[in-house]
2 protein chains.
Amino acid sequence: MEQILTVAAEALAESGYEAVSTNTIAARAGISPGSLYQFFANKEDIAHALAERYAAQLAELRTAAFDGADLPTLPLDQLIDAITGPLVEFNLANGGFKALFARPDLPPSLTDAVAPLHAALLGRVTALLSARAPGLAPEVVERTATVAIQLVRAMMPLIVAADGAERAALVGELRAVLHGYLEPVVG
Amino acid sequence: MEQILTVAAEALAESGYEAVSTNTIAARAGISPGSLYQFFANKEDIAHALAERYAAQLAELRTAAFDGADLPTLPLDQLIDAITGPLVEFNLANGGFKALFARPDLPPSLTDAVAPLHAALLGRVTALLSARAPGLAPEVVERTATVAIQLVRAMMPLIVAADGAERAALVGELRAVLHGYLEPVVG
DNA sequence: CGAAAATACGAGTTAGAGCTCGTGTTTCTC
DNA sequence: GAGAAACACGAGCTCTAACTCGTATTTTCG
C-alpha cells in the first residue's frame, strides 16, 4: 500500500494527475487493477492518501530539522534558509508533491483531497509569523502566510526543473523573494 | 471564430482545460461539433489560437497603457504599479487566461501551444530589465525576469479569486513582493 | 433560376479511462 | 489435510470525450 502510493507519486511527478491512469499505477506497482481497488476506493482516494502521507512527511521533516532551534527569535534570513533548504530537498525527493500541491486549478474533487495539506501548512506558517510579530492583526498574518506559501509554490517547479548552478541560483532567488517580502512585516 | 474563442475562454475559466469538452464549446458557441472542427484542427489548436489571441491582446494593452511613459526611468514602485494595474484588470476580464498561463504542469501538447505566449512575455520583461540595469549579465536578467513573471503568475489566481477589500490587499501584496524582489537588482 | 461549391450539421465511431466481478489462488483455522 | 475466508486477478463493462463523415443546407455565380 505504501508501495502503491510511492509508485503513484512517481507517476504523478512524470505526467500530472489527469494523465496518469489507475491501470498504469497498478501495473507499475506490480499488481492488478482489481487489487488496486481493494486498497483505494477510487482515483481521488489515492490522491487523498498521498496528500496525507506528504503532510505527515512534512511534519516529520519539520520536527527533525528545527527541533533544537528557536525559530521565532532567529534572524529572518537564517529562518528562511532553515526552512527553504529542507523544503527544496523534500520537493526534489518527492516529485509528485508539486503535482498535487502546486496546481492552481485542481479538479474540484482533488481540491477536497489536498485541502488538509494546505490547511496544515497554512497553520504552521501563521503560527510562526504570529510568534515572530505578535502585534499583527490575524487577517494580516493569514494573508501574509498565504502569500508566502504561494511564493514558495510558484518557485518550486522552477527549482526542481533546473539543476546544478542554475538550481542553486534559483534557490537563492526564492530566498531573496521571501526575504524581500517578509522583512518589512516580520523583520 | 472569434466567437468560438471567446466561448472557449469562458469555459476554460470555469472548469480548466481537461474538464472542458469540445462538444460543450461547440454547444455554447451555438454551432455543431462538426462545424467546430472546420475552424480548428483539434482541441489543442483551440488552445493555441486562444493563447495567440491573448498574446496579441497583451501587446495591445502594453502599448495602450505605456505609450507615453518612459518606463526605464520611472521610479521602481511607479513602474510596478503601472504594470500590475492593467495586468490585474486583464486577468479579471479574461478568466481563461490563467487556465492556460498559470498552470505549472500543462500536458506536453499544450506546453507547445502556450510557449509563444511565455516567450513574448519573457522577452518584454527582459528588455525592460536590461534597459533599467544595463550592467547586468544576460543570464541574471533572464533569471530575474523569469522569477518576476512567476511571482505574478502565482499571485494572480489569489487575486482573481478574492474580491473587494481582500482583492485590493492582495494586489498590494503582489506589488510588495515585486518591489522587495526587484529593488536590490534594478532599484 | 439552377447547378455547383462551400459550409453546417449531428448521430455515430473510436479509443481510452475508471472501475467491477466472476474466478482462481493463497492463507488461515481446526 | 480439508474446508473456509481472504485476497488477487485481469478481461471486460460502461461511460465519456475527441473527432468523423455522409447528408442537408446555404451561398456563389454563370
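Treat the numbers as computed from the prediction; the structure is a model and nothing was measured.
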Exercise for the section: Consider only side-chain N and O atoms of A:His48 and A:Arg53, and report whether a donor and an acceptor are under 3.5 Å apart. Expected result: no

Exercise for the section: Under 4.0 Å from any atom of DNA chain D, heavy atoms only: list the residues of residues 5-13 of chain A that qualify, in numerical order. Expected result: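 Heavy-atom cutoff 4.0 Å gives no residues at all.
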
Problem - Of residues 14-28 of chain B, the positions that come close to DNA chain D - non-hydrogen atoms, cut-off under 4.0 Å - result: B:Val20, B:Ser21, B:Thr22, B:Asn23

When the distance from [atom1] of [X] to [atom2] of [N] is rounded to whole Å, what number comes out?
| X | N | atom1 | atom2 | result |
| --- | --- | --- | --- | --- |
| A:Ile31 | D:dC9 | CD1 | P | 7 Å |
| B:Ile46 | D:dA18 | CD1 | P | 9 Å |
| A:Gln3 | D:dA8 | CD | C1' | 15 Å |
| B:Asp45 | D:dT20 | CG | P | 12 Å |
| A:Leu36 | C:dG18 | CG | P | 10 Å |
| B:Phe39 | C:dT7 | CZ | C1' | 8 Å |
| A:Met1 | D:dA8 | CE | P | 12 Å |
| B:Gln38 | D:dC21 | CD | P | 13 Å |

Taking [Y]'s backbone N and O only, do any of them form a donor-acceptor pair with [X]'s side chain (distance below 3.5 Å, no angle check)?
| X | Y | answer |
| --- | --- | --- |
| B:Arg153 | B:Phe101 | yes |
| B:Lys43 | B:Tyr17 | yes |
| B:Thr63 | B:Glu60 | yes |

Practice task
Please check if atom CD in B:Glu142 has more than 12 non-hydrogen atoms from other residues, nucleotides or ligands closer than 6.0 Å.
Solution key: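 12 or below, so no.
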
Problem - Straight-line distance of A:Ser109 OG to A:Asp45 CG, nearest 0.5 Å - result: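 Going from OG on A:Ser109 over to CG on A:Asp45, the span is 11.5 Å.
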
Could you work out which one of [options] sits closest to the side chain of [X]?
| X | options | answer |
| --- | --- | --- |
| A:Tyr37 | D:dA18, C:dT20, D:dC9 | C:dT20 |
| B:Pro33 | C:dG10, D:dA18, D:dC7 | C:dG10 |
| A:Lys43 | D:dC9, D:dA18, C:dG18 | C:dG18 |

Handout entry: Which residue lies more 5' along DNA chain C, comparing A:Ser35 with B:Gly30 via nearest heavy atoms
Key = B:Gly30

Problem - N-O pairing of A:Arg175 and A:Asp81 below 4.0 Å - result: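 A:Asp81 and A:Arg175: salt-bridged.
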
Problem - Qualifying residue for side-chain contact (heavy atoms from CB on, under 4.5 Å) with A:Val147, from A:Thr144, A:Leu151, A:Ile149 - result: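 Single pass found, and it is A:Leu151.
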
Practice task
May I ask you to test the B:Arg167-B:Leu92 pair for a side-chain heavy-atom distance under 4.5 Å?
Solution key: yes

